[in-house]
Amino acid sequence: MNPARKPSTAPGSPGALAFDPEAIRAQFPMLGATMHGKPLVYLDNAATTQRPRAVIDSVVEHWSTTNGPVSRGVHALGSLATEKYESARTAAASLLNAEPEFIVFTKGVTDGLNLVARSLGDELLGEGDEVVVTELEHHSNFLPWRQACLRRGAVLRVAPITDSGELDLDALRAMVNGRTRIVAVTHVSNVLGTVVPVSEIVSIARGVGAAVVVDGAQAPGHLPVDVQRLGCDFYAISAHKMFGPAGAGVLYMSPRWVDRLEPAQYGGGMVELASAEESTWITGPHRHEAGTPNTEGAVGLGAAVAFLGSFDRAAARAHERSLRDAIVAGLGQIPKARVYGPAEGAPIVSFGLEGVHAHDLATVLDAEGVAVRAGHMCAQPLMRRLGVPALTRASIAPYNTHAEVEALLDGVRRAGQIFA
Ligand code: PLP
């Protein structure tokens, strides 16, 4: 038995959480599926994770017993739905170590980052001001800033990475100057698994009074996230990357911004006073939540936070690391395979097989039931930096196993033979 598969907690230690990948796995109905007649090996978790029974049930239960108009109706069901929605906000706040009044519900990271780029961009950026992003960014944390700069006459600067795929912090430090108004960085690269030193970036940005926006899409599923320790101004997450529903997420806004920022959208639920002559907006997170919210998404997000709290996450991280190491070591033995990215990082492994297009490689893997990502992964600037048009990516969750890593490696070997 692989040591990482043993429950991490000694039996009988009171109150301690255990971690057993097989027990985690058993909670995910989707993982029992077959694809092309083979057991599904799901290694596309950075794109979207599977959902555990507890999350599925939470949404069904909400629809069956508490569905009603949030923050609108005076009737009992409206109050029940509002309670559910607001307790999900509290859960999301606890995940990020924030207070609920600084947690804004969004459709996900893309929505959250577009909100910030619109509202903060309009607030802070003028002619000749600068926004710094990095070469690691997903398009969701690149294009909203590019467009904001175009709108405001500002300049977008892109901090480089090193050849090993780490952020070049010295280069970023040299790039940040008196014109820098916003620094927007990913916490974890969705391509290379690089973990970006957000606290250090915050202290660099603070030196010139710039705001820091963090794309947290790939972080909370793997790492503990503490926005107060990080010290950032904004932090965006998506529920579907951490075992919750798609189309739901939250944006943390630090106390200095939540009531100050102009909303990016106007409509029901965010108004204090509305008339043709004068309109004013409420304070607090609802200011940024115009329209009927995605209550079921919020409920599922809350259940996903509870799920993340139900097992020993340090042990889950060790398990994920052992799988990552096994993939990297295994690929290292396969002729013409090359792994991209730093030696240490989140459990996301992008690789290429010389002479085989990423899509062909992923197609061979798919025929074996192995689901991986292939393409530019919404990170074209990074692909350009790496000098490749596309890569193949295996991304891990706590429910993955060493047997699944073997299936992946067998598939890559097979592709190598087919295209030899
Ligand atoms: N940022 C990163 C690093 C991502 O990996 C993703 C999704 O893959 C996003 C942003 C966009 O997230 P969403 O599609 O949930 O809005």
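Numbering of ligands and ligand atoms starts at 1, following listing order.
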How about Y399 and F311: are their ring centres within less than 6.0 Å of each other?
no
Test: R25 and D20 ion pair at under 4.0 Å
no
Any N/O of D215 closer than 3.5 Å to an N/O of ligand 1?
yes
Atoms of ligand 1 less than 4.0 Å from S238 heavy atoms?
12 (O), 13 (P), 15 (O), 16 (O)
Can you figure out which of H139, R373, K241 has its heavy atom closest to atom 8 (O) of ligand 1?
K241
Are F419 and H357 near enough that their ring centres are under 6.0 Å apart?
no
Report yes or no: is the cationic atom of R338 (NZ for Lys, CZ for Arg) under 6.0 Å from the centre of the six-membered ring of Y340, at an angle within 45° of the ring normal?
yes
For the rings on Y85 and F105, is their centre-to-centre separation under 6.0 Å?
yes
Do the charged groups of R179 and E130 touch, with an N to O distance under 4.0 Å?
no
Looking only at protein heavy atoms, identify the closest one to atom 5 (O) of ligand 1 and say how far it is in Å.
Q218 NE2, 2.7 Å
Location of contacts on H240 toward ligand 1, heavy atoms closer than 4.0 Å
side chain
Aromatic centroids of F102 and W257 separated by under 6.0 Å:
no
Quick check on the 6.0 Å ring-centre criterion: do H139 and H376 meet it?
yes
Is the shortest N/O to N/O distance between S140 and ligand 1 below 3.5 Å?
no
Does M377 come within less than 4.0 Å of ligand 1, judged by its heavy atoms?
no
Need the ligand 1 atom indices (1-based, order shown) with element for anything under 4.0 Å from a heavy-atom of A217.
1 (N), 2 (C), 3 (C), 4 (C), 6 (C), 9 (C), 10 (C)
Heavy-atom distance to atom 14 (O) of ligand 1: which of T106, T48, L136, T110 wins?
T110
Show the atoms of ligand 1 that are less than 4.0 angstrom away from any heavy atom in V109.
10 (C), 12 (O), 16 (O)
Which option wins on minimum heavy-atom distance to atom 9 (C) of ligand 1: E137, H138, K107?
H138
